[in-house]
Amino acid sequence: MKAAVFSTPGLENLSIQDVEAPRPGPGEVLIKVRHAGANPLDYNVVTGAVKATPMPHIPGSEFAGVVEEVGPGVEGLQRGDAVVVYNRLYCGHCRHCLAGWTQMCESTGGALIGVATQGGYAEYAVVPARNVEKTRAELREAATLPIGGLTAWNMAYRAGISPGERVAVVGATGNVGVYAVQFAKLLGGEVYAVTRRKDMSAPVLKSIGADYVVTPDEAREAAPFDVVLDPTGAGNWELSYSLLGRMGRYVTAGALTGAEVKLDLRRLYGMQISVIGSTGGRRGDFKLVVRLLESGRIKAVIYKTYGLAEARRALEELRSGDRVGKVLVAI
Ligand SMILES: [Zn+2]
């Protein structure tokens, strides 16, 4: 099969090669991949910032496709089923899995398909059957859910948004941001999409539910907020933390723009602010997110689609200043 592979970390080393197609073992499913997302995680896997195994490695932690073959003992799935893949490996019986927090699995450490296993930038990929979710949604749209959609849902859930609360989404044009806007709105928030590229992104962000699209300076003027959802990292910490009001909740889900921040504890305790971590999402919630897309209550925002041969360009496109939403790789 054809796959995007690298043997040595580095974007320049990612090339299309013919490799042996994997076969599904017991409890596993072989998927013919149709669409895969290009995410900062995939970029970091290829550049070596996130260590991947095995090597040579096929990246791709977010994908959807069609079941090609089921391994021994797999029930409820058959060849031809359209599916999207929950990307956290989980055991299903540790205490965090039993409590529903499958991305916190103690047995796997929350390891990711495409990082700890071969990923979806290939014609075929093998994944555990328990990670496979059937879907009636268009596969190109479903392929935006495993990272972008589910990460945003978990952030909104962890924030505990109540109807009527004021929510700022910082980095609103990103893979996670475009879904964070939608979930904050679904939960009843008054949603401010914060972006430095307001003019070009406002029509899209308003169409998916943002009540206001504002620049960082305008967000400061509109503060205080009850909730700030910020998947971007330290680069926006000063802004995001300053936007919070009394009882405010800041939720982080990534460190793209840096990981180290300075925190004024007096403001934290004096205003009873919460700083909340969020990573990925729960297996059970993935079902709900898929269902929300199928019913049209959330929408995929797709910026560009590249072929597998252009996987490297797809990852480079992540840094494009014009991007709103997801870059996809079609296979
Ligand atoms: Zn577990």
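Start at 1 with the first residue, then count along the sequence. Both counts, for ligands and for their atoms, begin at 1 and track the order of listing. Just so it is clear, the structure is predicted and the values come from calculations on it, not from any experiment.
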Pairing of Arg323 and Glu317 as salt bridge, 4.0 angstrom limit:
no
Give a yes or no on whether a salt bridge exists between Asp322 and Arg197, defined as a side-chain N under 4.0 angstrom from a carboxylate O.
no
Without placing hydrogens or testing angles, list every side-chain donor-acceptor pair under 3.5 Å for residues 214-222, not counting sequence neighbours.
{"residue": "Thr215", "atom": "OG1", "partner": "Glu218", "partner atom": "N", "Å": "3.1"}
{"residue": "Thr215", "atom": "OG1", "partner": "Glu218", "partner atom": "OE1", "Å": "3.4"}
{"residue": "Asp217", "atom": "OD1", "partner": "Arg220", "partner atom": "NH1", "Å": "3.4"}
{"residue": "Glu218", "atom": "OE1", "partner": "Lys198", "partner atom": "NZ", "Å": "3.0"}
{"residue": "Glu218", "atom": "OE1", "partner": "Thr215", "partner atom": "N", "Å": "2.9"}
{"residue": "Glu218", "atom": "OE2", "partner": "Lys198", "partner atom": "NZ", "Å": "3.0"}
{"residue": "Arg220", "atom": "NH2", "partner": "Glu238", "partner atom": "OE1", "Å": "2.9"}

Solution key, residues 107-116 side-chain donor-acceptor pairs under 3.5 Å, sequence neighbours excluded:
{"residue": "Thr108", "atom": "OG1", "partner": "Leu89", "partner atom": "O", "Å": "2.7"}
{"residue": "Thr108", "atom": "OG1", "partner": "Gly110", "partner atom": "N", "Å": "3.1"}

Residue pairs involving residues 266-275 (criterion side chain to side chain donor-acceptor pair (under 3.5 Å); sequence neighbours excluded):
Asp264-Arg266
Taking 2.8 Å as the limit, list every protein N, O or S atom around the Zn ion (ligand 1), by chain and residue number.
Cys91 SG, Cys94 SG, Cys97 SG, Cys105 SG
Flag yes if more than 12 heavy atoms outside Tyr157 fall under 6.0 Å of its OH atom; otherwise flag no.
no
